[in-house]
Amino acid sequence: MNALAYHVESLRGLDGLSRRAQEIPVPGPHQVVVRVRATSLNRRDVMLLEGTYPLPLKADTVPLVDGVGEVVALGDGVTRAALGDRVAGSYFVNWIDGPQSLALAAEQYGANFDGWLAEYIVLAEQSVVHVPAHLTDEEAATLTCAGLVAWSGVAKPVPAGAGETVLTVGTGPVGLFAVQHAKMLGARVISITSTADKAERLRKLGADEVVDRASTPDWELAVQELTGGLGADHVIDAVGMLTLPKSVAAAAYDARITLIGAKASEVPAAAADIFGGKYLSIRRVAVGSRTDYEAMNATIAEHGLRPVIDSVFPFDRAADAYRHFMEGDPFGKVVITVP
Ligand SMILES: NC(=O)c1ccc[n+]([C@@H]2O[C@H](COP(=O)([O-])OP(=O)(O)OC[C@H]3O[C@@H](n4cnc5c(N)ncnc54)[C@H](OP(=O)(O)O)[C@@H]3O)[C@@H](O)[C@H]2O)c1
């Protein structure tokens, strides 16, 4: 029997993406085959299509790293999953726990291992992650990349919590998950955005204060004011080098800044001296390990968090989903369902 999958045949954006039939995969030892129910897009998936992602693609790879489905076949020796389980996969095929190495970072689904834009995916059993039961398939298919990297920023190595302020910069999926995770952990949240409409939606999501960077370009001063001149204890900068100087200026003297965004263009000249005498920590994080993913899911289940979904496209309109993701300024995740 045949199954459909999209493949990246060449790095020409959407022109290089094609759909065709292939054999239903058979699991090898310590592998499971999952019937995909839903998958979703991340910024990296566009970079991968355009050839700007730092990791080279496997030839003819099946794209996308977020997804959820049902285990339908087990290879020899599998103990971490059973037939019928509803599962996702971790971002990195073999990063289970502890610090990440370059070798672990270099093995990723939807890049050099086939990903989720298909009717079936093969997962290494150690990368299987069970998803929170209260989530729909569309919701459960949003957590692997943006959900987990926001969690790593807010909850690792020490969770933000009550009495602390978390500043989120950017309202892509990473920024939205950061708002939700920070509220789950009991922190006060200040969010930066660019329109009144997004400001309203951020408040509904739980942000305690929102600063509109269009009407308040000096948003770092507004954050200082909102924190009584102390600054934010944690900053999740989901934009990049462009906003880092302002994130530093908005931060507390000994803050933790997690730089998740990769946008580097138009860096202000002032970036040469952005620290202003503060002894804060700035770090970058690469998504998270399987163990981090499981910890996040346990907290999501405990609090009943529901991911923000912008839109849902059917499998045969995957290219439209990519287009909407790239050009539509979505608020929340763009999901593709697999019938
Ligand atoms: N390290 C990792 O593991 C990892 C994982 C996932 C994603 N990422 C990176 O994280 C970043 C965010 O991804 P995403 O998918 O959540 O969002 P995204 O689609 O890249 O959107 C980012 C948001 O940033 C804001 N923004 C854009 N330009 C800005 C500017 N000049 N100044 C201030 N804000 C600006 C906009 O929000 P407003 O209009 O509301 O201001 C926009 O919606 C991307 O660079 C992505 O590659 C990294």
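Given the structure is predicted, the values throughout are model-derived calculations rather than measurements. Counting starts at 1 for both ligands and their atoms, in listed order.
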Does Gly170, backbone or side chain, put an N or O under 3.5 Å from an N or O of ligand 1?
no
Closer than 4.0 Å to some heavy atom of Ala286 - which atoms of ligand 1 meet that?
3 (O)
Determine whether the side chain, the backbone, both or neither of Val174 has a heavy atom under 4.0 Å from any heavy atom of ligand 1.
both
Determine, considering heavy atoms only, which of Thr193, Val149, Leu41 sits nearest to atom 5 (C) of ligand 1.
Val149
When the aromatic ring centroids of Phe92 and Tyr109 are compared, is their separation below 6.0 Å?
no
Taking only non-hydrogen atoms of Lys198, do any sit less than 4.0 angstrom from ligand 1?
yes
Mind checking whether Pro173 contacts ligand 1 via backbone (N, CA, C, O), side chain (CB onward), both or neither, at a 4.0 Å heavy-atom cut-off?
both
How does Cys145 reach ligand 1, by side chain, by backbone, by both or by neither, if only non-hydrogen atoms under 4.0 Å count?
side chain
Report, in ascending order of atom number, the atoms of ligand 1 lying under 4.0 Å from any heavy atom of Gly261.
10 (O), 11 (C), 45 (O)
Ignoring hydrogens and geometry, is there a side-chain-to-backbone donor-acceptor pair from Gln31 to Gly28 under 3.5 Å?
yes
According to a 4.5 Å side-chain heavy-atom criterion applied to Ile, Leu, Val, Met, Phe, Trp and Tyr, with indirect links allowed, do Leu226 and Leu202 form part of one hydrophobic cluster?
no
Report the member of Leu176, Thr195, Thr171, Asp197 with the shortest heavy-atom distance to atom 38 (P) of ligand 1.
Thr171
In this structure, are over 12 heavy atoms from other groups packed under 6.0 Å from Arg19 atom CZ?
yes
How long is the span from the NE2 atom in His234 to the CZ atom in Arg188, to the nearest 0.5 Å?
13.5 Å
So, Asn42 side chain and Arg44 main chain: donor-acceptor pair closer than 3.5 Å or not?
no
If hydrophobic clusters are built from ILVMFWY residues whose side chains come within less than 4.5 Å, do Val166 and Ile190 share one?
no
Of Lys246, Arg201, Arg213, Lys333, which has the heavy atom at the shortest distance from atom 30 (C) of ligand 1?
Arg213
Which of the listed options, Ile260, Val287, Leu148, holds the heavy atom that is closest to atom 48 (C) of ligand 1?
Ile260
Main-chain N/O of Leu221 paired to Asp218 side chain as donor or acceptor, under 3.5 Å:
no
In ligand 1, the atoms that come under 4.0 Å of a heavy atom of Thr243 are 32 (N), 33 (C)
